[in-house]
Amino acid sequence: MPDARSGAVRLLMPMIDGHRGPHGPYTVGSALLHHLVPPALERSPGEVAAHDIEIRAVAPGLRDRVAVRRVTVDADLPDEERILVPAPRRTLRLANGVTEFVRAVVPAGRTLVVCNGAEADPTDTELLEVMARRIPPRLLTIVVQPDGPRPPDDTRDAGTLWELVDRCVREGFLHAVVELGRRGLTRTEPGGPPWWRFAQRTATALGGLGRVHEAREVWGRVRRASQDPAMHAAAAYGMAMLEARHPDPARRDLAAARGWINEAIAISGLLPDPVERAFKLGFDRNGLALIELREGRRAAALALVESALELARELGERHPVHRMVLLANRARLLAGFGRDKEALDDYAAAIAIDPMFPDHHLDRGNLLVRLGRHDEALEDYECAMRAGPPLPEAHYNRAELRITRGDLDGALADLDRVIDLDPSYLDARVNRAGLLAGLDRDEEARAEVTAGLALAPGDPHLLVVLGQLETAAGRLEEARRALDRAVEAAPSLASAWGSRGVLRFAEGDPEGALEDLSQAIGLEPMPDLYANRAVALRALGRTAEADADEERASRRP
């Protein structure tokens, strides 16, 4: 690659210093958008409008020039009513949206040079990786130099620092929240209101990143530094959620979580202000509902959410996001009880509060699919797609719906989109590999299996597809190794037993085939399994049983 300093390349813009120190998250992204957006407003205003959320999040300095088109309900809420912290994957959505904008407007044949790449914020690191993967080098070459000039020391006061932390919380820039929040903790008096704001955001961000031990330490500092009951209630709630939502399910301690949430509820119930008490008590009961649900007590969870909704009626028009969350949670629980109409009513009420929140469209769409209302489900998935930056989950769900409806080309297009947005989306690779194998596009299927197994070497679904491909190619030993591993890894997976049954028949072992196919039918009585077992039964001379299986196979849904 030519040296950008030699003048032998056509630079898109002057070299960007990517060091996160002076400007924080999206130092590179903001500089890039400040260069590209002004001319795009003249030449391609539709592209700017289509990426309003991404541009305004990544480059807040452009907010006065880029009109907001898609607005969420919490945009103008006071701090205490903004209770949702975006998930870490939000930055991937932003990175994909910015990448698609850059790809659409950047002049061809340019080079972007970034220095201090080793000191870039994770948001910029992710953005540069996505752009390098999704923008062809003939359009934009990206050169990242790891080092560069050292920036001046950070001299921001705690007020300026808080403004940046608050913005990072709202946008979901969790790594920056942790780094800057810790800096704020060292510059404020322990136990005071400013210190508390930094502590609460830092601990919440650590929990969102799965850094449980560090989050526990911050909540412990809160409890040691303050005698304020609201702080202690919040710390107890935070500790409860760390235990109940531990990223490793095997390490979730629901008994400890119950102890912490009970402490939170006990304190919240004693708060003197009736509005604060109603909100915090409802918030804590919703947390206890999660614990009840994870312990298998669905009815108790539903009762707690309903009691939280009763308390929310005391809040008047305040805390709409809190009500939205409770309505959606009740909808999920009601759907689990088969109370589908009530669940749909609650989803509708939640969506009415914030139509731009995509998760509830996805959840309602999934329920509508289960009810066979496919057109309505499709509309929900597409609403989720329109609500914000690129959302892989919405395309994945639509792909599954399209498979159900027999639209395999459409399903493949959606799965291609998912993998383009997120190459680590394993379920999309599994489904794409299976579809391609079913369409006899074996080379493409094998490539997808290889990519998927690089992510998850022992994934039983991918091993099943691999076994099917090897069987079709006549490589029976390789097929046997793959399918034996699949059966061992997932003994309740019907397709693993069924595929191995087909293989054993090909190996000349109809008795073994019958055994495996019967096991598969016991797990999932599908028509194709009956048809294959009929072949094995007929080969064994068991004609009456083969006829019965063929009759069952003909009863396709």
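Given the structure is predicted, the values throughout are model-derived calculations rather than measurements. Position 1 is the first residue of the sequence; numbering continues from there.
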Requested in this report: Evaluate side chain to side chain donor-acceptor pair (under 3.5 Å) for Asp380 paired with Tyr347, printing each intermediate quantity in order.
Outcome: CA-CA 11 Å; Asp380 259 336; Tyr347 277 130; over 6 Å; no
Query raised in the report: Between Phe198 and Trp162, does the ring centre distance come in under 6.0 Å?
Result: yes
**Report entry** Ring-ring centroid check Phe279 His319, cutoff 6.0 Å
**Finding:** yes
Name every donor-acceptor pair, under 3.5 Å, that has one atom in a side chain of residues 29-36 and the other anywhere in the protein, sequence neighbours excluded.
unit_1: Ser30; atom_1: OG; unit_2: His34; atom_2: ND1; d: 3.4
unit_1: His34; atom_1: ND1; unit_2: Ser30; atom_2: O; d: 2.9
unit_1: His35; atom_1: NE2; unit_2: Leu12; atom_2: O; d: 3.0

Requested in this report: Check whether any side-chain heavy atom of Leu112 sits under 4.5 Å from a side-chain heavy atom of Thr141, and report yes or no.
Outcome: no
**Report entry** Residue pair Arg417, Glu100: steps toward the salt bridge (Lys or Arg N to Asp or Glu O under 4.0 Å) verdict
**Finding:** CA-CA 12 Å; Arg417 173 73 167 155; Glu100 291 173 3; 2.7 Å; yes
**Report entry** Minimum side-chain heavy-atom gap Pro22-Thr27 below 4.5 Å
**Finding:** no
Query raised in the report: Does any N or O in the side chain of Arg183 come within less than 3.5 Å of the main-chain N or O of Gly181, such that one atom is a donor and the other an acceptor?
Result: no
Query raised in the report: Any salt bridge between Asp422 and Arg89, counting N to O under 4.0 Å?
Result: yes
Query raised in the report: Are Arg386 and Glu379 close enough for a salt bridge, meaning some N to O gap below 4.0 Å?
Result: yes
Query raised in the report: When you measure from the side chain of Asn116 to the backbone N and O of Glu119, does any donor-acceptor pair fall under 3.5 Å?
Result: no
Report summary line: For Arg211, the side-chain hydrogen bond (donor to acceptor under 3.5 Å, both in side chains) test, sequence neighbours excluded, returns Glu214
Query raised in the report: Would you call Arg216 and Glu243 a salt bridge, using N to O less than 4.0 angstrom?
Result: yes
**Report entry** Other residues, nucleotides, ligands: >12 heavy atoms within 6.0 Å of Glu217 CD
**Finding:** yes
Query raised in the report: Can you tell me how far NE2 of His360 sits from SG of Cys383, rounded to the nearest 0.5 angstrom?
Result: 14.0 Å
Report task. Just do the side chain to side chain contact (heavy atoms under 4.5 Å, CB included) check on Arg134 and Leu421 with the steps written out, would you? Result -> CA-CA 9 Å; Arg134 297 192 64 204; Leu421 294 172; 3.6 Å; yes
**Report entry** Arg187 side chain reached by Leu161 side chain, heavy atoms, under 4.5 Å
**Finding:** yes
**Report entry** Short side-chain to backbone donor-acceptor contact, Arg398 and Tyr381, under 3.5 Å
**Finding:** no
Report task. May I ask you to decide whether Arg170 forms a salt bridge with Asp166, counting only side-chain N to carboxylate O separations under 4.0 Å? Result -> yes
Query raised in the report: Between Arg150 and Asp147, is there a salt bridge with N-O shorter than 4.0 Å?
Result: no
Query - Residues Leu174, Val85; criterion side chain to side chain contact (heavy atoms under 4.5 Å, CB included); working and verdict - result: CA-CA 9 Å; Leu174 301 187; Val85 177; 3.7 Å; yes
Report summary line: Hits for side-chain hydrogen bond (donor to acceptor under 3.5 Å, both in side chains) against Asp52, two or more places apart or cross-chain, chain-then-number order -> Arg70
Report task. Would you mind reporting whether Arg364 and Ile351 have side-chain heavy atoms less than 4.5 Å apart? Result -> yes
Requested in this report: Output, in order, the C-alpha distance, side-chain angles, deciding distance and verdict of side chain to side chain contact (heavy atoms under 4.5 Å, CB included) for Phe101 and Val37.
Outcome: CA-CA 9 Å; Phe101 172 76; Val37 167; 3.9 Å; yes
Query raised in the report: More than 12 heavy atoms of other residues, nucleotides or ligands under 6.0 Å from CD of Glu80: is that the case?
Result: yes
Query raised in the report: Can Glu179 and Arg20 be counted as an ion pair, charged N to O under 4.0 angstrom?
Result: yes
**Report entry** Evaluation steps, side chain to side chain contact (heavy atoms under 4.5 Å, CB included), between Val71 and Val68
**Finding:** CA-CA 7 Å; Val71 185; Val68 61; 3.6 Å; yes
Query raised in the report: Hey, is the main chain of Pro390 close enough, under 3.5 Å, to the side chain of Arg93 for a donor-acceptor pair?
Result: yes
**Report entry** Backbone of Asp76 reached by a side-chain donor or acceptor of Arg82 within 3.5 Å
**Finding:** no
Report task. Can you measure from OH (Tyr425) to CG (Leu455) and round to the nearest 0.5 angstrom? Result -> 13.5 Å
Query raised in the report: Between Ser44 (side chain) and Gly46 (backbone), is there a donor-acceptor pair under 3.5 Å?
Result: no
Report task. Give a yes or no answer on whether the side chain of Arg69 reaches the backbone of Ala49 with a donor-acceptor pair at less than 3.5 Å. Result -> yes
Query - Side chain Thr123, main chain Tyr26, donor-acceptor under 3.5 Å - result: yes
Requested in this report: For the pair Asp228 (side chain) and Met231 (backbone), establish whether a donor and an acceptor sit closer than 3.5 Å, ignoring hydrogens and angles.
Outcome: yes
Query raised in the report: For the side-chain contact (heavy atoms from CB on, under 4.5 Å) test, which of Arg252, His246, Arg251 pairs with Pro249?
Result: Arg252
Query raised in the report: Are any side-chain N or O atoms of Arg429 and backbone N or O atoms of Ile419, one a donor and one an acceptor, separated by less than 3.5 Å?
Result: no
